[in-house]
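First comes the structure, then the notes that go with it.
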Amino acid sequence: MKIEKTVNIFNRRARFEYEIIEEVEAGMVLTGTEIKSLRSSKASITEAFCQFIDGELYIINMMIDEYKLGTFYNHKTKRERKLLLHKKELQKLEKKLKDAGNTIIPLKLYINDRGKAKVLIALGRGKKLFDKRESIKDRESKRNLDRILKKS
């Protein structure tokens with residue numbers, strides 16, 4: 001079992017499904033087997049979202065696989081994990097979340113240079129179908145332009 005130094009787990013669908021308004025870096029409360037499993041890149045945030053519970057922000061539906069060498073101390077794979085933010089940041093996010101159509105989604109899960117597990121969360125508004133078509137059109141035109149420049 002190889003443990004990587006740099007762990008980057010992305011939510012690639014988030015930027016397609018949501019219009020990103022604001023990004024914030026947050027810490028997480030994890031158990032020992034969760035951080036060991038996370039360092040082996042055994043996590044997924046594609047279906048995850050954030051929700052306020054009693055004035056505190058939790059990430060829900062984030063999956064961290066069980067640690068193979070963990071015994072009965074192993075964790076549940078999809079449990080609610082508390083996010084660590086300053087009080088003013090929490091109040092600001094909660095105020096903006098009350099607007100219609102806004103939600104908090106995780107964009108990236110990583111371990112910083114100090115060895116702490118961090119999650120990059122974003123306040124986003126769901127895109128309509130025509131917005132998604134616009135994103136697809138922009139992406140394809142950029143891809144075609146890159147192909148032309150590469151051939152030249």
Side-chain angles (χ1 to χ4, degrees), residues 1-30 34-53 55-67 75-86 88-152:
M1 182 182 298
K2 182 184 174 193
I3 297 177
E4 298 178 16
K5 297 252 182 206
T6 58
V7 177
N8 288 322
I9 299 165
F10 296 98
N11 186 356
R12 298 188 195 284
R13 296 270 317 154
R15 294 194 190 274
F16 181 71
E17 296 283 336
Y18 298 95
E19 172 191 348
I20 305 301
I21 299 169
E22 182 182 349
E23 293 180 359
V24 179
E25 182 185 59
M28 288 189 298
V29 176
L30 298 174
E34 285 175 330
I35 192 68
K36 287 179 182 230
S37 186
L38 185 66
R39 286 200 172 123
S40 340
S41 296
K42 304 287 184 188
S44 171
I45 57 171
T46 53
E47 299 173 359
F49 62 96
C50 298
Q51 186 175 9
F52 279 96
I53 300 173
E56 295 176 340
L57 191 62
Y58 286 87
I59 188 165
I60 298 170
N61 225 11
M62 179 176 76
M63 203 219 26
I64 299 178
D65 285 341
E66 287 186 351
Y67 185 56
H75 60 277
K76 295 180 184 174
T77 57
K78 285 192 175 184
R79 70 173 185 90
E80 299 172 351
R81 292 167 178 92
K82 185 177 173 181
L83 295 180
L84 303 172
L85 288 166
H86 291 285
K88 288 185 180 181
E89 289 176 324
L90 284 172
Q91 290 169 351
K92 189 168 90 171
L93 280 174
E94 193 167 18
K95 183 180 175 184
K96 289 183 179 180
L97 192 63
K98 291 184 180 176
D99 293 342
N102 286 351
T103 186
I104 301 174
I105 49 170
L107 297 178
K108 180 181 173 184
L109 179 64
Y110 60 97
I111 296 179
N112 68 1
D113 55 347
R114 295 178 63 192
K116 305 290 184 188
K118 300 287 183 177
V119 62
L120 184 68
I121 59 174
L123 183 70
R125 182 177 294 120
K127 285 186 181 177
K128 304 284 190 235
L129 182 61
F130 58 86
D131 290 334
K132 292 179 187 176
R133 287 182 185 155
E134 190 71 29
S135 296
I136 292 170
K137 191 169 87 173
D138 290 342
R139 184 176 63 218
E140 286 179 358
S141 65
K142 183 178 182 273
R143 191 177 296 152
N144 289 335
L145 186 65
D146 288 342
R147 270 192 215 130
I148 293 169
L149 291 174
K150 189 176 182 181
K151 286 181 182 178
S152 302

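Since this is a predicted model, take the numbers as computed values, not measurements.
At least one side-chain heavy atom of K78 sits less than 4.5 Å from a side-chain heavy atom of E47. Contact check for K132 versus F16: side-chain heavy atoms found under the 4.5 Å cut-off. Side-chain contact between L123 and I20: absent, with no pair of heavy atoms (C-beta onward) separated by less than 4.5 Å. Using a 4.5 Å heavy-atom cutoff, the side chains of R81 and V29 are not in contact. Residues I121 and L93 have side chains in contact (heavy-atom distance under 4.5 Å, counting atoms from C-beta outward). Considering only heavy atoms from C-beta on, V7 stays 4.5 Å or farther from Y110 through its side chain. In this structure, E80 and I59 have side chains that are not in contact, with every pair of non-hydrogen atoms separated by 4.5 Å or more. A heavy-atom distance below 4.5 Å is not found between the side chains of I111 and N8.
Rounding to the nearest 0.5 Å gives a distance of 9.0 Å between CG of N144 and CG of D146. A distance of 11.0 Å separates CG of L30 from NZ of K116, quoted to the nearest 0.5 Å. Taking CD1 of I105 as the reference point, atom CG of L107 lies at 5.5 Å (rounded to 0.5 Å). In this structure, L85 CG and E25 CD are separated by 9.5 Å, a value rounded to the nearest 0.5 Å. Rounding to the nearest 0.5 Å gives a distance of 10.5 Å between CD of E89 and CG of L57. Rounded to the nearest 0.5 angstrom, R143 CZ and L145 CG are separated by 12.5 Å.
Taking the charged nitrogens against the carboxylate oxygens, R15 and E23 do have a contact shorter than 4.0 Å, which makes a salt bridge. Salt-bridge annotation for K42 and E66: absent, with no side-chain N of the basic residue lying under 4.0 Å from a carboxylate O of the acidic one. Salt bridge E17/K127: absent, no basic N to carboxylate O contact under 4.0 Å.
I9 approaches A43 most closely through the heavy-atom pair CD1-CB, 3.6 Å. Among all heavy-atom pairs drawn from A48 and P106, the shortest one is O-CD, 3.4 Å.
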Quick one: do K118 and M28 satisfy side-chain contact (heavy atoms from CB on, under 4.5 Å)? Show the steps, please. CA-CA 6 Å; K118 300 287 183 177; M28 288 189 298; over 6 Å; no

Intermediate values then yes/no, side-chain contact (heavy atoms from CB on, under 4.5 Å), F52 and L97: CA-CA 10 Å; F52 279 96; L97 192 63; 3.7 Å; yes

Worked check of side-chain contact (heavy atoms from CB on, under 4.5 Å) between E34 and L38: CA-CA 6 Å; E34 285 175 330; L38 185 66; over 6 Å; no

side-chain contact (heavy atoms from CB on, under 4.5 Å) between I64 and T77: does it pass, once the steps are laid out? CA-CA 5 Å; I64 299 178; T77 57; over 6 Å; no

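In this structure a side-chain-to-backbone donor-acceptor pair under 3.5 Å is present from N102 to K96. In this structure, E56 contributes its side chain and I53 its backbone to no donor-acceptor pair below 3.5 Å. In this structure, R39 contributes its side chain and G115 its backbone to a donor-acceptor pair below 3.5 Å. Under a 3.5 Å cut-off, the side chain of H75 and the backbone N or O of D65 do form a donor-acceptor pair.
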